[in-house]
Amino acid sequence: MNPDLHIDHLLDEYTTGTITRDWLQKQAPSLNEQELEKEIQLHRAAQSFLERAPIIAQVGILHEQFLNENNSIHADRKLIWMGRLKWIGMAASLLLAVGIYFWQSGNTMNADQLYAEVYQPYQAPVFRSQEKAADLTALYKKGAYQELVTVYEATKPVDNSSHFYAGLSYMEMKNWTAATLSFERILDNAASPAFRDEAQFYGALAYLKAGATDKALELFRAIKQDPQHLYFEKVQADQLEELEALLRKK
């Protein structure tokens, strides 16, 4: 099998939500985390170009039709001039639309692009042989996300660790709303600071995917206002501006 075709197929499945990032990483063991992220971004860029390709093709068709009309040896001079005006007007309108489209897409990220830029996989702690990991932590480390949320929903644990690993598992399963609820339980628990920084960061990402841009912006701002925050360096000022731009577009 052509390895390039194999990775392209996997990336197609990942970007459509068919497989998780963890599964994608396991299927491409030759790529480290940074290399895999680069491949994902290149794949998304290629998909974006293909989405825009029909507009570019239309410009080419207009140009070819314009040349064909004006190369006819039987064409009347007046008709040629009128034809030129018609095609120039149509081409100008289409090129203006293309220009606006590329300017907007080049200057404002969408939620998926912003998520991909900010997202960072969570590294669960490694337990020594004499230590015993909590059940949900162990399930998360194995990638057993469905099993984890089944246990979580059946037992209804109240500790922040359980809420956090459940939230991450919901994210892996693309259940963004359920993920936000799990992270909110941590943020609402004033009695314990455990996993609070993590819940703000991944909660913001889950809100972004759930379409609640205002809530995502609120959490990202809280992170950026705290230099001691675990994820302070991950959130940049220009990303906050992109979020504000997304809110203005709604």
Side-chain angles (χ1 to χ4, degrees), residues 6-45 47 109-127 133-149 152 160-187 194-210 216 219-220 222-224 229-236 239 242-243:
H6 176 64
I7 190 64
D8 280 344
H9 177 68
L10 290 172
L11 289 167
D12 280 335
E13 290 192 325
Y14 174 71
T15 53
T16 56
T18 307
I19 62 174
T20 66
R21 189 187 182 94
D22 190 56
W23 176 255
L24 173 62
Q25 183 75 71
K26 289 177 182 177
Q27 298 304 306
S30 62
L31 300 176
N32 61 35
E33 189 62 42
Q34 291 74 23
E35 291 169 337
L36 181 62
E37 182 61 31
K38 183 178 179 181
E39 288 292 335
I40 291 170
Q41 293 305 317
L42 288 173
H43 196 76
R44 285 198 170 112
Q47 287 176 325
M109 289 186 178
N110 60 37
D112 289 338
Q113 290 170 323
L114 192 56
Y115 177 93
E117 181 175 295
V118 180
Y119 177 81
Q120 138 179 335
Y122 181 74
Q123 299 298 323
V126 177
F127 293 91
D135 290 341
L136 295 189
T137 309
L139 289 174
Y140 178 78
K141 287 173 66 65
K142 289 194 303 182
Y145 307 122
Q146 180 60 67
E147 185 181 352
L148 189 156
V149 300
Y152 175 75
N160 285 358
S161 174
S162 297
H163 293 318
F164 180 63
Y165 286 110
L168 290 179
S169 297
Y170 283 126
M171 288 180 72
E172 292 287 349
M173 298 165 63
K174 313 300 181 190
N175 190 342
W176 309 110
T177 301
T180 63
L181 293 175
S182 290
F183 295 131
E184 280 296 336
R185 289 190 176 98
I186 298 172
L187 299 177
F195 292 98
R196 188 172 186 83
D197 283 8
E198 293 89 341
Q200 283 185 316
F201 181 71
Y202 288 99
L205 289 168
Y207 273 124
L208 188 58
K209 278 289 198 176
L219 288 176
F220 279 133
I223 292 170
K224 202 58 187 170
H229 200 285
L230 284 175
Y231 296 91
F232 176 79
E233 297 294 338
K234 280 295 296 177
V235 180
Q236 306 299 320
Q239 292 164 344
E242 294 287 355
L243 274 171

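Keep in mind it's a predicted model, so treat the numbers as computed, not measured.
Interatomic distance, D197 CG to I223 CD1, rounded to the nearest 0.5 Å: 7.5 Å. Distance check: R196 CZ to H229 NE2 gives 8.5 Å after rounding to the nearest 0.5 Å. With rounding to the nearest 0.5 angstrom, the OG1 atom of T180 is 9.5 Å from the CZ atom of R185. With rounding to the nearest 0.5 angstrom, the NZ atom of K209 is 6.0 Å from the NZ atom of K174. Note: L168 CG to L136 CG = 11.5 Å, rounded to the nearest 0.5 Å. Within the model, atoms CG of L148 and CD of E172 stand 11.0 Å from one another, a figure rounded to the nearest 0.5 Å.
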Could you walk me through whether L219 and L187 pass side-chain contact (heavy atoms from CB on, under 4.5 Å), step by step?
CA-CA 10 Å; L219 288 176; L187 299 177; 3.9 Å; yes

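Within the 4.5 Å cutoff, the side chain of L243 has heavy atoms near those of the L208 side chain. The shortest distance between side-chain heavy atoms of T137 and S161 falls below 4.5 Å. Considering only heavy atoms from C-beta on, Y122 stays 4.5 Å or farther from M171 through its side chain. Contact check for Y152 versus S169: no side-chain heavy atoms found under the 4.5 Å cut-off. Considering only heavy atoms from C-beta on, F183 stays 4.5 Å or farther from Q200 through its side chain. Y202 has its side chain within reach of Q120: a pair of non-hydrogen atoms, C-beta onward, lies under 4.5 Å apart. Using a 4.5 Å heavy-atom threshold, the side chains of Y145 and Y170 count as separate. Under the 4.5 Å side-chain criterion, counting only non-hydrogen atoms from C-beta, F201 is not in contact with L230.
Listed for the N160 side chain is no donor-acceptor partner under 3.5 Å among the backbone atoms of F195. K224 places a side-chain N or O within donor-acceptor distance of the main-chain N or O of F232, the cut-off being under 3.5 Å. Q113 places a side-chain N or O within donor-acceptor distance of the main-chain N or O of N110, the cut-off being under 3.5 Å. Side-chain atoms of K234 come within 3.5 Å of backbone atoms of V118 as a donor-acceptor pair (strictly under, hydrogens ignored).
What you find for S182 and A166 is that their closest heavy atoms are OG-CB, 4.1 Å.
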